[in-house]
Amino acid sequence: MNSKITIHMVSSLDGFIAKKDRSVSWMQSNDTYAAGKALTQEYIAEFLKSIDCYVMGARTYEHALELGWPYGDKPVVVLSHKAHKKDKETVNFYSGDLTELVNGQLKSNYKNIWMVGGSKTTKEFLRLNLADEIVQSIIPIILGDGILFFDYVGKELPLHLKDITAFKDGMVELSYEIKK
């Protein structure tokens with residue numbers, strides 16, 4: 001199976017994924033960009049159908065439960081070194097070797113795998129060369145402080161711009177292939 005691992009994150013223009021208190025209330029844009037693409041429920045539903053599996057860190061999992069579970073009944077792997085209450089039937093917890101998980105389990109069972117947070121997990125995926133692409137959705141706001149999307153990966157990673165999409169709410173989505 002030819003699988004792809006995509007890192008996806010929503011961030012402010014200055015690269016933060018949450019405020020210091022971990023709040024993400026700023027993620028809803030009130031801006032307007034007339035030439036942008038409409039982010040309709042149909043567009044979102046069609047896009048979400050293409051994703052086969054999600055991977056996330058434990059904090060992202062807990063945050064998703066608090067905010068309202070957006071992953072439907074798709075398989076979700078939560079990376080954690082401590083025990084968690086399993087609130088969803090489709091969620092599995094993993095605490096072993098990340099490379100083994102990706103290459104041994106995920107890529108053999110799923111075609112389109114999305115890693116959706118958080119910053120520590122993103123950095124590990126990049127550091128271990130486990131990701132194939134990065135999709136960054138930028139909300140039109142500068143937070144000035146908070147939790148960075150990723151920082152100090154520890155190595156240079158050349159990228160190839162695959163696509164840019166501007167939306168009517170002012171959000172811009174950048175899609176990059178990670179050159180191997």
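Numbers here simply count residues along the sequence, with the first being 1. When reading the values below, keep in mind they use all heavy atoms of this one structure, side chains included, and skip hydrogens, waters and symmetry mates. Since this is a predicted model, take the numbers as computed values, not measurements.
- Of the inter-residue distances, the one linking L157 atom CG with L159 atom CG reads 6.5 Å to the nearest 0.5 angstrom.
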I'd like to know whether S29 forms a side chain to side chain donor-acceptor pair (under 3.5 Å) with D31, so could you lay out the CA-CA distance, the side-chain angles of the two residues, the decisive distance to 0.1 Å, and finally the verdict. CA-CA 5 Å; S29 173; D31 193 24; 5.1 Å; no

Evaluation steps, side chain to side chain contact (heavy atoms under 4.5 Å, CB included), between F150 and F125: CA-CA 11 Å; F150 55 84; F125 267 76; over 6 Å; no

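- In terms of modelled atom types and a separation under 3.5 Å, the side chain of T60 and the main chain of G118 share a donor-acceptor contact.
- Annotation: side chain of I5 is not in contact with side chain of L130 (no heavy-atom distance under 4.5 Å).
- Distance alone, capped at 3.5 Å, places no donor-acceptor pair between the S23 side chain and the K19 backbone.
- Q41 places none of its side-chain heavy atoms less than 4.5 Å from the side chain of L39.
- In plain terms, the two heavy atoms of E173 and S137 that are nearest each other are OE2-OG, 3.3 Å.
- Scanning all heavy atoms of the two residues, the minimum distance from N2 to K111 falls at O-CG, 3.6 Å.
- Between E46 and K49 there is a salt bridge, since at least one side-chain N of the basic residue sits less than 4.0 Å from a carboxylate O of the acidic one.
- Screening residues 44-64 for ring-ring contact (aromatic ring centres under 6.0 Å, His included) gives F47-W114, Y54-Y71, Y61-W69, Y61-F93 as the qualifying pairs, with residues at least two apart or on separate chains.
- Although no hydrogens or angles enter the test, the distance criterion places no donor-acceptor pair under 3.5 Å between the side chain of K20 and the main chain of D145.
- Annotation for K168: atom NZ counts as buried by contact number, over 12 foreign heavy atoms lying within 6.0 Å.
- Within the model, atoms SG of C53 and CG of N109 stand 8.5 Å from one another, a figure rounded to the nearest 0.5 Å.
- Between K107 and V102, some side-chain heavy-atom pair lies under the 4.5 Å cut-off.
- To the nearest 0.5 angstrom, T6 atom OG1 is 9.5 Å from H8 atom NE2.
- Listed by first then second residue, pairs satisfying salt bridge (Lys or Arg N to Asp or Glu O under 4.0 Å) with a partner in residues 64-82 number zero, not counting sequence neighbours.
- Rounding to the nearest 0.5 Å places NZ of K37 at 11.0 Å from CE of M171.
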N112 vs Y110, test: side chain to side chain contact (heavy atoms under 4.5 Å, CB included). Steps then yes/no. CA-CA 6 Å; N112 193 11; Y110 305 105; over 6 Å; no

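- With N92 contributing its side chain and V77 its backbone, the two residues share no donor-acceptor pair below 3.5 Å.
- Between F16 and I147, every side-chain heavy-atom pair lies at or beyond the 4.5 Å cut-off.
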Could you walk me through whether S175 and E133 pass the side chain to side chain donor-acceptor pair (under 3.5 Å) test, one step at a time? CA-CA 7 Å; S175 298; E133 64 182 23; over 6 Å; no

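- By the criterion of side-chain heavy atoms lying less than 4.5 angstrom apart, applied directly or through intervening Ile, Leu, Val, Met, Phe, Trp or Tyr residues, L174 is not grouped with V135; the two fall into different hydrophobic clusters.
- Shown here for I17 and V10, the closest heavy-atom pair between the two residues is CG2-O, 3.6 Å.
- A 4.5 Å side-chain heavy-atom check between S12 and I142 finds every atom pair outside the cut-off.
- No side-chain heavy atom of Q28 sits under 4.5 Å from any side-chain heavy atom of D169.
- With rounding to the nearest 0.5 angstrom, the CD1 atom of I7 is 4.5 Å from the CE atom of M115.
- Connection of L148 to V116 is established within a shared hydrophobic cluster, with ILVMFWY side chains joined at heavy-atom distances below 4.5 Å, either directly or through further cluster members.
- For N30, the CG atom sits in a loose shell: 12 or fewer heavy atoms of surrounding residues, nucleotides or ligands are nearer than 6.0 Å.
- Within the 3.5 Å criterion, the main-chain N or O of I113 finds no donor-acceptor partner in the side chain of D52.
- Y33 OH: 12 or fewer foreign heavy atoms inside a 6.0 Å radius.
- Considering only heavy atoms from C-beta on, V172 stays 4.5 Å or farther from I139 through its side chain.
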Set out, in order, the CA-CA distance, both residues' side-chain angles and the distance that settles salt bridge (Lys or Arg N to Asp or Glu O under 4.0 Å) for E124 and R127, then state yes or no. CA-CA 5 Å; E124 278 303 291; R127 193 179 67 71; 2.8 Å; yes

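- Here the shortest heavy-atom pairing between S11 and Q136 reads OG-NE2, 2.7 Å.
- Counting only heavy atoms from C-beta outward, the side chains of K123 and D151 approach each other to under 4.5 Å.
- Both L126 and L161 are members of a single hydrophobic cluster when ILVMFWY side chains are connected at heavy-atom separations under 4.5 Å.
- Judged purely by atom type and a 3.5 angstrom limit, Y152 has no side-chain atom pairing as donor or acceptor with the backbone of K155.
- Clustering ILVMFWY residues whenever any of their side-chain heavy atoms sit less than 4.5 angstrom apart, transitively, puts V76 in a cluster other than the one holding V55.
- The CD1 atom of I178 sits 4.0 Å away from atom CD1 of I134, with the distance rounded to the nearest 0.5 Å.
- Of all heavy-atom pairs between A18 and W26, the closest is N-CZ2, 3.8 Å.
- When all heavy atoms of S95 and S80 are compared, the closest pair comes out as CB-O, 2.9 Å.
- Other residues, nucleotides and ligands contribute only 12 or fewer heavy atoms inside 6.0 Å of the NZ atom of K120.
- Clustering ILVMFWY residues whenever any of their side-chain heavy atoms sit less than 4.5 angstrom apart, transitively, puts Y94 in a cluster other than the one holding M56.
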